[in-house]
There are 2 protein chains.
Amino acid sequence: MRQTTITAEDAAIAAGFERFYELLRRLTPRSELSLTAASTLRRLERSGPHRLCELHAPEGVSQPAMTQLITRLEKEGLARRGSDPDDGRAVVVTITEAGREAVARRREGRTQALAALLEQLPVEEHAALVAALPALDHLSDLLAS
Amino acid sequence: MRQTTITAEDAAIAAGFERFYELLRRLTPRSELSLTAASTLRRLERSGPHRLCELHAPEGVSQPAMTQLITRLEKEGLARRGSDPDDGRAVVVTITEAGREAVARRREGRTQALAALLEQLPVEEHAALVAALPALDHLSDLLAS
DNA sequence: TAAAGATGCATAAGGCAGTGATATAAAAAT
DNA sequence: ATTTTTATATCACTGCCTTATGCATCTTTA
């Protein structure tokens, strides 16, 4: 693993993000979905059905944990197990309509809480956030690849 | 609870933050500290000793959960229970030197991973992130109060 | 093409961290 | 001086994770 030089600016960004991470954590309603469950459902929503083996690594959990999570999601009607005609071992996981709704509810809860904070922000800070969105998205893409 | 109007921009910010939250989650090394443990230690580091009853609500956990967390932290030497001379019921929790080190290690791990991503970002996006930091901090302050 | 190995998923057993209900001691109120 | 409230602890239980392992099914290769 290569060592990256940490500049003072990087450290400042990291410190800001650290506080911010906890802000988001508090903003997220303790809802029906665990962190991993929500993240997995969003992945299924964003990029379609996946084999089980493609899910556990990016979510940072073990394969049995993903098996159990999908079992729970299936029991709650939020996801569905299917099979791959080309590979008898594979299980293909798909999000259901109820799953999409659960994701939307969670997102809306957080958006609502966030909007209440955002409207208290000075306009120039609000604008700075909007201006930073492409960078945030880009960062997420970098890790995904 | 008042209903806040959600603008399209707010929704865009929320969507960006949602992805970003998961980025940070993946960036955080699965370490010795649980989310609540890390958050609590940071609070003790940032704003000094607290009574147990002042800790559980802001961290969003029940009082027994905080009692148990402090017991674990104490067992690991990361925090210390003390008493309040003015109130025989109270338990005053203080972070130890080892606790500060654990927080620092965790922070550094995340900073390191983040820096590796940040250096891949175009300079103008990097600048946009720096420019958004005050807004992020401000947002965190808003929720804290 | 049969045997061996690799891969994908499930199950089992156990641990950590959360919950609500409740106990206990100290402080505050009546 | 009781009664009530407050601060913390304990208990029993649950959810979600872990590692170890089992068992198909696919792939490789002798």
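Just so we're on the same page: letters track the sequence lines, and every chain starts at 1. These numbers come from a predicted model, not from an experiment.
In this structure, the side chain of B/Arg106 engages the main chain of B/Leu33 through a donor-acceptor pair within 3.5 Å. The backbone N or O of B/Ala14 lies less than 3.5 Å from no partner atom in the side chain of A/Thr111, so there is not a single donor-acceptor pair.
Not a single donor-acceptor contact under 3.5 angstrom links the side-chain atoms of B/Gln68 to the base of D/dT8. If you check distances only, the side chain of B/Arg89 never reaches the base of D/dT8 with a donor-acceptor pair under 3.5 Å.
Between B/Ser62 and C/dG18 there is no side-chain polar atom (N or O) within less than 4.0 angstrom of OP1 or OP2. Within the 4.0 Å cut-off from OP1 or OP2 of C/dA10, at least one side-chain nitrogen or oxygen of A/Arg81 is found. Here B/Thr67 reaches the OP1 or OP2 of D/dA9: one of its side-chain N or O atoms lies under 4.0 Å away. Between B/Ser34 and C/dC16 there is no side-chain polar atom (N or O) within less than 4.0 angstrom of OP1 or OP2. Residue A/Arg72 has a polar side-chain atom (N or O) positioned under 4.0 Å from OP1 or OP2 of D/dC16.
In this structure, B/Arg25 atom CZ and D/dC16 atom P are separated by 13 Å, rounded to whole Å. The nearest whole Å value for the distance from the NE2 atom in B/His56 to the C1' atom in D/dT6 is 12 Å. Put simply, CD on B/Glu54 is 13 Å from C1' on D/dT8, counting in whole angstrom units. One interatomic measurement links the two molecules: CG of B/Leu35 to C1' of C/dA17, which rounds to 11 Å at whole-angstrom precision. Atom CG in B/Leu55 sits roughly 9 Å away from atom P in D/dT8 (whole-Å rounding). In this structure, B/Glu59 atom CD and C/dT19 atom C1' are separated by 17 Å, rounded to whole Å. In this structure, CE of A/Met66 is placed 18 Å from P of D/dG15, rounded to the nearest angstrom. Computed from coordinates, the A/Asp86 CG to D/dC26 C1' distance equals 12 Å when rounded to whole Å.
If you check D/dC26, C/dA12, D/dT8 against the side chain of A/Asp87, the one that comes closest is D/dC26.
When heavy atoms are screened at a 4.0 angstrom cut-off, A/Thr36 is found touching the sugar-phosphate backbone but no base atom. Within the 4.0 angstrom heavy-atom criterion, only backbone atoms of the sugar-phosphate kind lie near B/Ala90; the bases stay farther away.
Taking 4.0 Å as the cut-off between side-chain N and carboxylate O, A/Arg43 and B/Glu22 do not count as a salt-bridged pair. Look at A/Glu59 and B/Arg25 and you find a salt bridge, because one of the NZ, NE, NH1 or NH2 atoms lies within 4.0 Å of a carboxylate O, short of that distance.
Between A/Glu32 and B/Cys53, the residue anchored closer to the 5' end of DNA chain D is B/Cys53, taking for each the nucleotide with the nearest heavy atom. Heavy-atom nearest nucleotides on DNA chain C were determined for A/Gln63 and for B/Val61, and the one closer to the 5' end corresponds to A/Gln63. Along DNA chain D, the nucleotide nearest A/Gly88 and the nucleotide nearest B/Val91 are compared for position; the residue whose nucleotide lies closer to the 5' end is B/Val91.
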Going through the checks in order, is the salt bridge (charged side-chain N to carboxylate O under 4.0 Å, His left out) test met by B/Glu32 and B/Arg105?
-> CA-CA 10 Å; B/Glu32 42 190 343; B/Arg105 265 196 308 279; 3.1 Å; yes

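If you take CD on A/Glu125 and CG on B/Asp137, they are separated by 9.5 Å, rounding to the nearest 0.5 Å.
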